[in-house]
Every structure is written in structure tokens, then in C-alpha cells.
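What follows is a short report on a single structure.
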There are 2 protein chains.
Amino acid sequence: MATKRAQKMEETRAKLIRAAREAFATKGYAAASMDELTAEAGLTRGALYHNFGGKQGLMQAVVDQIDQEMVERMLAAQARAASRWEGLLEEGVAYIEMALEPEVQRIMLLDGPAVLGDPSQWPNQNACLLRTTQTIQALIDEGTVKPVDAEAAARLINGAALNAALWIAAAEEPHAVLPKAVEAFRQLATGLLKAEG
Amino acid sequence: MATKRAQKMEETRAKLIRAAREAFATKGYAAASMDELTAEAGLTRGALYHNFGGKQGLMQAVVDQIDQEMVERMLAAQARAASRWEGLLEEGVAYIEMALEPEVQRIMLLDGPAVLGDPSQWPNQNACLLRTTQTIQALIDEGTVKPVDAEAAARLINGAALNAALWIAAAEEPHAVLPKAVEAFRQLATGLLKAEG
DNA sequence: CAATACACATACGCTGCGTATGTGAAATTT
DNA sequence: AAATTTCACATACGCAGCGTATGTGTATTG
């Protein structure tokens with residue numbers, strides 16, 4: 001059976017992660033005090049060190065959680081698309097849209113890389129990128145896409161989406177520039193296509 | 001005349017910026033101690049606060065300096081190219097190559113955004129982006145590029161280059177993936193062209 | 001040459017992280 | 001089921017590092 005202690009511990013971890021998401025998103029990683037953060041969750045720094053090893057470990061846990069949510073949403077976006085090619089585009093668009101959320105922007109795009117290092121090394125980010133790479137490889141195999149290096153193409157596509165996301169998030173009128181970014185993204189992506197449609 | 005005091009102050013600023021570039025690049029912003037940093041330059045934290053207002057102000061100065069150097073190199077790369085379109089590509093390639101340098105990667109791509117906020121808001125980055133935007137607009141006007149939003153296209157192009165740079169920098173064999181990234185970048189960029197070459 | 005300004009050094013306090021140690025409740029043992 | 005052990009978390013301590021307030025010597029000004 002799942003012991004009572006294990007259950008309790010999961011609750012504790014969840015509480016800390018929830019408080020950390022809030023604090024990191026609003027104040028930023030550096031300015032977020034662990035005393036305040038844990039107190040907000042009704043705990044102390046003791047619990048934090050026991051469960052996550054330190055401030056950085058907590059950040060890692062937060063990033064992993066958000067990363068997983070993002071991958072799920074990208075998968076859903078791809079699944080809704082008509083063709084494999086459209087799926088790739090929809091995935092990128094979903095990524096762009098997610099960066100409209102301050103939490104994603106601050107934690108995943110700004111502080112995360114600084115604290116944990118290059119995002120392309122994160123486990124989930126790798127999974128997501130791997131899938132994109134496979135999709136592109138499949139598109140190459142079926143003759144839709146030019147024979148470029150699939151991983152390189154996947155990284156550039158993701159990078160373009162990421163920058164579009166940052167642009168939108170920093171804009172005065174995010175929802176005004178969103179369609180422009182999406183359109184440019186789709187146009188740019190066609191550079192990978194073998195023949196113009 | 002330029003007073004002796006003003007000269008001395010410039011030297012002091014230069015010494016501090018030089019020491020900070022070194023410290024920020026190797027240890028990272030957060031782990032860089034201002035006491036160590038200033039001692040390395042033969043000064044104390046007093047000089048730092050007087051000249052830059054604080055740790056963040058010093059970071060800003062370092063970023064501005066590197067940013068300016070990067071813009072100059074991109075301009076040089078563009079100037080070497082045969083056509084306006086090739087100039088755009090060469091600029092992106094130059095950007096990718098610069099991120100091979102640990103100093104650029106750590107300070108400009110990782111810590112900079114976390115400390116100072118979104119790079120697209122930095123003064124020099126804006127200047128660079130503005131130029132790219134103008135180049136693309138010119139390419140649209142001359143009929144080389146599809147009629148997309150020039151700023152959006154510029155941001156995506158830069159974003160793709162940036163991500164390629166990060167990929168290369170994080171790779172085990174940077175110089176092995178560089179050509180793949182450059183090739184994919186050029187292919188992707190052709191998505192903006194009106195007709196296939 | 002006296003007076004002032006100012007660039008930088010020195011000294012202090014406070015915040016915040018990490019660790020070592022304590023504690024009470026759940027789990028295990030016999 | 002009573003004693004013992006485990007362990008999740010709290011408490012307490014020490015230290016590093018930032019920001020500020022204040023001191024000092026040299027360059028500038030009248």
C-alpha cells in the first residue's frame with residue numbers, strides 16, 4: 001500500500017511546487033525568498049531541503065512540471081491538425097501562444113536557462129525536440145520536406161517559435177502582433193518544403 | 001580639456017567592465033562576487049557603486065559593450081556579401097558563429113535576459129533588429145521576398161539563428177554541427193523568398 | 001593658497017542561503 | 001501492543017554577499 005507518509009510527502013511537494021511557481025513567476029527566481037515561499041505553503045525551508053535538495057532543485061521541479069504541461073499541449077495541437085506538415089506548424093503555433101503566459105515566459109524562457117543551463121539539455125525539452133525531429137524526418141522521407149538535417153531543422157523551427165513568443169510577450173499589444181508572428185512563422189517554415197504550394 | 005579625473009574614471013570603468021566580463025563569463029552572474037571582481041581589478045565595491053550603481057548596472061554595461069561588438073561584426077559580415085539577400089544570410093551566420101564563444105553564450109544568451117529582461121528590449125539589440133527589419137523591408141520592396149511583416153520576419157530569423165547558436169554551443173562537437181546548422185538556416189530562410197532559386 | 005568637489009575606500013547592518021541538530025508521528029519489530 | 005527505529009520536517013546557527021552610510025585624499029576652482 002501507499003503509506004500515509006508517502007502520501008503526505010507528495011502533498012508537501014505539490015504545495016511547495018505550487019508556491020514556487022507563483023513566486024518564481026511573479027518575483028523571478030533570484031528575488032524569490034525561500035523563507036517567504038515556504039511560509040506561503042505553510043512549511044519551512046527544512047521541508048524544501050529535504051524534498052528538493054535546495055533552491056535550484058525546486059526550480060528544476062517547477063520547470064519539469066511546466067515543461068510537461070507544455071509538451072502535452074503541443075501534442076494536442078499536433079493531433080488536431082489535418083496533415084503531418086500542418087501538425088508541425090500547429091505545434092509551433094501552440095508554442096508561440098503558450099509564451100503569452102507570464103509564468104511560461106519568466107520561468108521557462110528567462111530564468112530557467114540561466115539557472116539550469118541551456119534548455120535543449122532539459123529532459124522534457126529533449127523529448128519534445130526529439131518528437132519534432134522525428135516528425136521532420138518523416139516529412140523528409142515522404143518527400144514533403146527538403147533533405148536537410150532533421151535535428152537542425154527542428155531546433156531552428158523551435159527557435160523561431162520561441163523568439164516569436166518572446167516578441168509577443170514583450171509587446172504592448174500582444175494580441176495584435178500574434179497573427180503577424182504566426183503568419184511569418186508559417187511563411188518561414190515553408191523554406192523547408194520541397195516545392196512551393 | 002578632458003580633465004584628469006575624467007580620464008581616470010574612464011580607466012576605472014574599463015577595468016571594472018573587463019573584470020566583470022571575465023567573472024560573469026566564467027562563474028555566471030549570480031555566482032560572481034563583487035568583492036572578488038573588484039579586487040581583481042585592483043579596486044573595491046565603492047568604485048563599482050559610484051560608477052555603475054550596483055551589480056545590475058555593471059551587468060548592463062558589460063552587455064552593452066558586447067552587444068556593440070556583435071553589431072559591428074554583423075555589419076562587417078553583411079558588407080562582405082554580394083547581394084542584399086546574401087547579406088541577410090551572412091548576418092545570421094555571423095550571429096550563429098559568435099555564439100560559439102562562451103562569453104557571448106553565458107552573458108548574452110543565458111544570464112543577460114534573466115537579469116535585464118527580454119533582449120529585444122535592449123537598446124543595441126533594437127538597433128541590430130531594426131537594421132535587419134529594414135533589410136528585409138528592402139528585399140520585400142525589390143520583390144525578392146514575400147510581402148510578410150518585416151519586423152516579424154526579422155525576429156524569427158534572428159530567433160532561428162539564436163537557437164542554432166545555442167545548439168552549437170551546447171554540442172559536444174560544436175564545429176561538427178556548425179555546418180549543419182548553417183545549412184538548415186539557409187534553407188529555412190528561403191521560406192521568405194518569393195520564388196525558389 | 002584656501003576652499004570645495006568628487007572619486008573611491010572603509011565600515012556597518014541586514015537579508016538569505018546552506019547545514020547541523022532537534023522532534024514528534026508513522027512504521028517496524030518482537 | 002509496547003518498545004524501538006525511521007524519517008519528514010522544524011529549529012537554530014554560521015557565513016557570504018549586497019547595499020548604504022560615512023570617511024579620506026587628490027584634483028579642481030576661485
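Every chain is numbered from 1 and lettered A, B, ... according to where its sequence line falls, protein lines coming before strand lines.
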Item to complete: Give B:Ala32 one of three labels, base, sugar-phosphate or nothing, depending on what nucleic acid heavy atoms sit under 4.0 Å from its own.
Response: sugar-phosphate
Worksheet entry | Sugar-phosphate only, base, or nothing, as touched by B:Ala30 at under 4.0 Å among non-hydrogen atoms | nothing
Worksheet item: Base, backbone or nothing for each nucleotide of nucleotides 4-9 of chain D, written B, S, -, heavy atoms under 4.0 angstrom, 5' to 3'?
Response: --BBBB
Rounded to whole angstroms, how far apart are [atom1] on [X] and [atom2] on [N]?
| X | N | atom1 | atom2 | value |
| --- | --- | --- | --- | --- |
| B:Gln7 | C:dA7 | CD | P | 14 Å |
| A:Lys27 | C:dT15 | NZ | P | 14 Å |
| A:Lys55 | C:dG18 | NZ | C1' | 12 Å |
| A:Met59 | C:dC17 | CE | P | 14 Å |
| B:Asp35 | C:dC12 | CG | C1' | 13 Å |
| A:Glu36 | C:dC14 | CD | P | 17 Å |
| A:Met34 | D:dA10 | CE | C1' | 14 Å |
| B:Arg45 | D:dT22 | CZ | P | 17 Å |

I'd like to check [X] versus [Y] (side-chain heavy atoms, cut-off strictly below 4.5 Å). Are they in contact?
| X | Y | value |
| --- | --- | --- |
| B:Trp85 | B:Glu142 | no |
| B:Phe24 | B:Arg106 | no |
| B:Val177 | A:Glu151 | no |

Discussion item. Would you compute the distance between atom CD of A:Gln60 and atom CD of A:Gln56 and round it to the nearest 0.5 angstrom?
Written reply: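 Reported to 0.5 Å precision, the distance equals 8.0 Å.
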Response to the item:
Closest heavy-atom pair, A:Ala161 versus A:Gly92, reported as atoms and distance to 0.1 Å, is CB-O, 3.9 Å
Item to complete: Scan side-chain atoms only and decide if B:Gln7 and B:Glu11 contain a donor-acceptor pair under the 3.5 Å cut-off.
Response: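 No.
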